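Read through the structure below, which is laid out as structure tokens, and then see the notes.
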Amino acid sequence: MTKKKRNIIIISVVAAVCVAALVLTLVLVLTLKKPQDRTYTVTFNSNGGTVVAAVTDIPYDTTIAEPAAPVREGYVFEGWFKESSLENAWKFDTDTVKKDVTLYAKWRYNATDGFEFKIVGSSAIIVGIGTAGEVKNVVIPSIYGNLPVTSIADGLFRGNGAVETVYIPESVTSVGNNLFRACPNLVSVTFAGKSTALGSTVFYDCQKLVRVTLPKNITMITAETFYNCLSLKEFKIPSSVTEIQKSAFQFCAALTEFALPDKLTTIGEQAFAGCSALTAVNIPSAVTSIGELAFSGCYGVESMTMSPGNTKYFGEGNCIVEISSQDGTPKFTVIAGCKNSNMTSISSSTPISAIGVGAFSACRYLTNISIPSTVTSIGDYAFQACDRLQNVTIPASVKTIGEMAFAKCNRLQYVRFLSAENGQDEVPLEIGKEAFYDCITSQTELSISLPKRLAKLGEGAFWWNPIYDEENLRVSYAGSQTEFSQSVKTPVDYDTNRYKRPTLIWCTDGNDNIDVFGLA
């Protein structure tokens, strides 16, 4: 080894020894530092209450100020204790901090008195509201005598105008139908339990209800549970839910967002209809059933998607498409859309053959829509109340237009039916009952050009409100008066109170006019 290398090694060893000595010195200084020369921290464990911030940099052997008390729904705070067993209370005026400390919150359950009970076996059921019906902030008792309270009878609070908040303890495992139905001032409800079974219409028409904490392990949100809860905002669907039944959240107009749980398989009819503040919908891949009009009237939705991996539905072009089979041939039906839907952007390998029942119903901000040339049917209520939709072109492939398909589209200016391309056969067209019902207003003129392939017009197809001028509607037919009379079936028996007015149809082939009853 050279002398130079030997010197480098010696210098390195000396440096390492110096560093080690410095570290050891610092450790000794810290460990030998007197307690009175250090500062300490008091941490607060609120035991289920709201978070209380720790107090730091406390000098040795000094008292600390008592922090603001935590809050826990359904409980009264009884102070801070030195042990998790809650045996000795910390006295803020005399107890001093001499080391790092954790204090524990003690709570007393604060049940509301006055309920009426019934003993069933080894448990108690609340069957009457008694004087508790006069209380604003209600805490359901968890014990009656020595027995657990496990159930609450049907309609216990129904229509109660006093109650504003309710806390339901863990002991309760089932609540009845209509429990809080139409409580005009109810704002908040908390279920502390994990597996409480809910009856139907529990919160029906609670218009001031803002927040609900549901049981963590429920698997179903029953029909009309939150129907017309106009103020509901603070809500989370438990991850255990697999089924959302009919109209469960219908008209929850303040609900801005929700996450559908991954285990969800069923979305019932009109489940979220009228949730106008929603901006996005993503449907989990486990869903196997979506009911008609499930998202009708969700006119604020800008994005509508489906998680990949589903064999019955897929999302594309901001549409939800159902896959089915007809005579062994795959059928693709748009069942839900939004204001940003673009059906023509859907892959050509999945040609859309139908627009389903209420697919775009009450989609208020939809101004135009392109209907693919592969579509053969437009379902009932498909575009009902799309009141900003102005112009519609119906491809020659369409065979049926369902009941009220374009009803209340009162800004429509024209509806045009395309003819078949050269070499293609014209398919008969049937227009259903009230298909263009109430599309006439004083500010719009609607022109509808009926094709020669027309085979049927349903009753009330062009009904308009009598307060408006019938001259605002112009209906033309691409054939002669004779062809219309021979080929087009029109209502024979009709409601004389509603459809007694004639509709003037201008026959462009021959320039004849014909009055047809039963259409308006």
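Just so we're clear, the structure is a prediction, and the values are computed from it rather than from any experiment.
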Output yes when a side-chain donor or acceptor of Glu459 lies under 3.5 Å from a complementary backbone atom of Tyr499, and no otherwise. no
Mark yes or no for whether Thr112, through its side chain, and Val139, through its backbone, hold a donor-acceptor pair below 3.5 Å. yes
Backbone N/O of Glu302 and side chain of Asn340: donor-acceptor pair under 3.5 Å: yes
Verify the neighbour count for atom NZ of Lys339: are there more than 12 heavy atoms of other residues, nucleotides or ligands below 6.0 Å? yes
Atom pair NZ (Lys408) and OG1 (Thr441), whose distance is rounded to the nearest 0.5 Å: 12.0 Å
Can you tell me how the ring of Phe249 sits relative to the ring of Phe272, calling it parallel under 30°, perpendicular over 60° and tilted otherwise? parallel
Look at the side chain of Thr376 and the backbone N and O of Ser353, then say whether any donor-acceptor pair between them is shorter than 3.5 Å. yes
With Phe191, which of Ile168, Ile140, Val172 fulfils side chain to side chain contact (heavy atoms under 4.5 Å, CB included)? Ile168
Looking at every heavy atom in both Ser361 and Ser296, which two are closest together, and how far apart are they? OG-OG, 3.1 Å
Using only atom types and a distance under 3.5 Å, with no angle test, would you say the side chain of Ser142 pairs donor to acceptor with the backbone of Ser171? no
Do other residues, nucleotides or ligands put more than 12 heavy atoms under 6.0 Å from the NZ atom of Lys236? no
At what distance, to the nearest 0.5 angstrom, does SG of Cys439 lie from CD of Glu434? 11.0 Å
Residue pair Gly133 / Ala162: nearest heavy atoms and the distance that separates them: O-CB, 3.5 Å
Check: Ser397 side chain, Ser373 main-chain N or O, donor-acceptor pair, under 3.5 Å: yes
Considering residues at least two apart in sequence or located in another chain, which fulfil the side chain to side chain donor-acceptor pair (under 3.5 Å) criterion with Thr393? none
Could you grab the distance from atom OG of Ser289 to atom CG of Leu264, nearest 0.5 Å is fine? 10.0 Å
Interatomic distance, Ile355 atom CD1 to Asp380 atom CG [nearest 0.5 angstrom]: 13.0 Å
Not counting sequence neighbours, which residues clear side chain to side chain donor-acceptor pair (under 3.5 Å) with Glu292? List them please. none
Any donor-acceptor pair under 3.5 Å from Asp327 side chain to Thr329 backbone: no
How are the rings of Tyr75 and Tyr167 set to each other: parallel, tilted or perpendicular (split at 30° and 60°)? perpendicular
Report the distance from atom CD1 of Ile352 to atom OG1 of Thr333, rounding to the nearest 0.5 Å. 7.5 Å
Using modelled atom types and a 3.5 Å cut-off, is there a donor and acceptor pairing between side-chain atoms of Arg72 and backbone atoms of Ser46? no
List the residues meeting side chain to side chain donor-acceptor pair (under 3.5 Å) with Ser151, not counting sequence neighbours, and say none if there are none. Ser174
For Phe203, which residues count as a ring pair (Phe, Tyr, Trp, His ring centres under 6.0 Å) partner, sequence neighbours excluded? Phe180, Phe226
By ring pair (Phe, Tyr, Trp, His ring centres under 6.0 Å) - contacts of Trp107 (at least two apart): Phe77
Taking all non-hydrogen atoms of both residues, which atom of Pro491 and which atom of Leu519 are closest, and how far apart? CD-CD2, 3.7 Å
Residues which pass side chain to side chain donor-acceptor pair (under 3.5 Å) with Ser307, listed by chain and number, not counting sequence neighbours: Asn282
Mind listing the closest non-hydrogen atom pair of Ser195 and Asn217 along with its distance? CA-CB, 4.2 Å
Side chain to side chain contact (heavy atoms under 4.5 Å, CB included) partner of Phe462, the single match among Leu446, Asp438, Ile440, Leu457: Leu457
Compare every heavy atom of Pro184 with every heavy atom of Asn160, then report the nearest pair and how far apart it is. O-CD, 3.3 Å
Point-to-point distance, once rounded to the nearest 0.5 Å, from OG of Ser276 to CZ of Phe251: 10.0 Å
So, for Cys206 and Ala182, which heavy atoms are closest and what is the spacing to 0.1 Å? SG-N, 4.0 Å
Quick test of your reading: applying ring-ring contact (aromatic ring centres under 6.0 Å, His included), list the pairs with at least one residue in residues 307-360, sequence neighbours left out, ordered by first then second residue. Phe360-Phe383
Across all chains, not counting sequence neighbours, the ring pair (Phe, Tyr, Trp, His ring centres under 6.0 Å) partners of Tyr204 are Tyr227
Cationic N near anionic O, under 4.0 Å, Asp387 to Arg364: yes
So does Lys216 get a backbone contact from the side chain of Ser240, meaning a donor-acceptor N/O pair under 3.5 Å? yes
Of all residues at least two apart in sequence or in a different chain, which pass the salt bridge (charged side-chain N to carboxylate O under 4.0 Å, His left out) check with Glu224? none
Can you name the salt bridge (charged side-chain N to carboxylate O under 4.0 Å, His left out) partners of Asp205, sequence neighbours left out? none
Using the side chain to side chain contact (heavy atoms under 4.5 Å, CB included) rule, take Val475 and Leu450 through it: C-alpha gap first, then chi angles, then the decisive distance, then the call. CA-CA 7 Å; Val475 182; Leu450 299 173; 3.6 Å; yes
Asp154 side-chain N/O to Asn178 backbone N/O, donor-acceptor pair under 3.5 Å: no
By ring pair (Phe, Tyr, Trp, His ring centres under 6.0 Å) - contacts of Tyr414 (at least two apart): none
Contacts of type salt bridge (charged side-chain N to carboxylate O under 4.0 Å, His left out), residue Arg453, not counting sequence neighbours: Glu426
